[in-house]
Amino acid sequence: MNFDEGLKKRRDRADAVLERYLPAEDAVPGKLAEAMNYSIRSGGKRIRPILMMESYRMFGGRKTVVEPFMAAIEMIHTHSLVHDDLPAVDNDELRRGRKTTHAVFGEAIGILAGDALLNYAYETALQAFRQKEDAQLVVEALEILARETGLYGMLGGQSVDVENDKNGTCALSKETLDYIYLHKTGALLEAPLMIGAVLAGAGKDETESMREIGRRIGLAFQIQDDILDVTSTAEELGKPVGSDTKNDKTTYVTLQGVDNAQRTVRELTDAAVKLLDSIPGEKEFLREFLIRMASRSN
Ligand code: GRG
């Protein structure tokens, strides 16, 4: 099986897992469930559940305890996109090639759908306790999920981003930009790699190595986002381009230029792959996936 076939298989599996955990729309409050499901079903590369599954398998995991967590991480990711698109934040009408949730359902339901996805993610992850044998590992995985996506993770990074947005045209330091990128984007790529490892029973050192891989690939991923904002098209990306320039944002492109930013992406990816290579386990697909994530065109 070549890489693209392997990717399709994994994406289909992630979609099937998600479908099993989505809320029903035929009971009250159907509109809210519909808005949640609309945002989840509007596509997306499913990077985070795929990373989790690959990490789980790499450390020998073969059970289904990982599945509620795969669904939960995609729900949290989708919550962040729904809220990021709101009029009070980026005010975008296009996401994943479709109208954004608030553009279809109105702002109030857009806000609620984002909130509900975040809450439902935990309701979903808690279902992992039904598979009794792995209770302690489930507790550890929940701790990672909560921390990496909360105040000291994604939400913290986003808050510093928003704070600096309101600072006018004053350029950010590279240190502040790295804090923002490592948290608002990196934390949500660290989390699935770590959760997959923990649920499969990996040791502390191995889990920390997976965190470090996520950190490097997360930074590379967000820098690539900066690059695509100036080099790609709305058709290719499925969301507006040129928004960083429009909003006068400091990015790796404004700090380093496109060529150097591309070099930084390559260096970070190489470092992530080198670390992955030092860990035993079946990781051929994950290795290629990390490389393609960083050099993605959408
Ligand atoms: C309410 C101010 C406020 C914000 C809440 C938490 C949050 C929204 C945003 C987090 C920051 C964020 C949206 C970062 C974007 C990271 C990023 C590059 C996402 C794109 O991920 P892909 O390419 O998307 O995996 P798909 O659509 O393929 O799933």
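The figures that follow rest on heavy atoms only: side chains count, while hydrogens, waters and symmetry mates do not. Indexing begins at 1, ligand by ligand and atom by atom, following the structure's order.
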Quick one: nearest non-hydrogen protein atom to [atom], plus distance?
{"atom": "atom 8 (C) of ligand 1", "answer": "Ser80 O, 3.2 Å"}
{"atom": "atom 17 (C) of ligand 1", "answer": "Gln222 OE1, 4.2 Å"}
{"atom": "atom 16 (C) of ligand 1", "answer": "Thr185 OG1, 3.5 Å"}
{"atom": "atom 2 (C) of ligand 1", "answer": "Val89 CG2, 3.6 Å"}
{"atom": "atom 25 (O) of ligand 1", "answer": "Arg48 NH1, 2.8 Å"}
{"atom": "atom 11 (C) of ligand 1", "answer": "Gln158 OE1, 3.2 Å"}

Distance under 4.0 Å to a non-hydrogen atom of [X]: what atoms of ligand 1 satisfy this?
{"X": "Asp84", "result": "8 (C), 13 (C)"}
{"X": "Ile47", "result": "25 (O)"}
{"X": "Arg96", "result": "26 (P), 27 (O), 29 (O)"}
{"X": "Gly44", "result": "26 (P), 27 (O), 28 (O), 29 (O)"}

Open item on the list: Could you report the tightest heavy-atom contact between Gly44 and Arg96, atom names first, then the distance?
Closed with: CA-NE, 3.4 Å

Task: Least distance between heavy atoms, Leu145 atom then Thr149 atom - done: O-OG1, 2.7 Å

Heavy atoms from other residues, nucleotides or ligands near [atom1] of [X] exceed 12 (cutoff 6.0 Å):
{"X": "Arg130", "atom1": "CZ", "answer": "no"}
{"X": "Glu284", "atom1": "CD", "answer": "no"}
{"X": "Lys31", "atom1": "NZ", "answer": "no"}

For [X], which part has a heavy atom under 4.0 Å from ligand 1: side chain, backbone, both, or neither?
{"X": "Arg296", "result": "side chain"}
{"X": "His77", "result": "side chain"}
{"X": "Leu155", "result": "side chain"}

Open item on the list: Is a donor from one side chain sitting under 3.5 angstrom from an acceptor on the other, for Gln131 and Thr64?
Closed with: yes

Task: Thr176 and Tyr181 side chains, donor-acceptor separation under 3.5 Å - done: no

TODO: Return yes if some donor-acceptor pair links the side-chain N/O of Arg296 with the main-chain N/O of Phe221 below 3.5 Å, else return no.
DONE: yes

TODO: Spell out, as yes or no, whether a donor-acceptor pair under 3.5 Å connects the side chain of Ser55 to the backbone of Met52.
DONE: no

Open item on the list: Using a plain distance cutoff, I'd like to know if Lys45 has any nitrogen or oxygen under 3.5 Å from a nitrogen or oxygen of ligand 1.
Closed with: yes

Task: Test of proximity, His83 against ligand 1: N or O pairs below 3.5 Å - done: no

Task: Partner of Leu18 by side-chain contact (heavy atoms from CB on, under 4.5 Å), out of Arg46, Arg13, Met70, Arg41 - done: Arg46

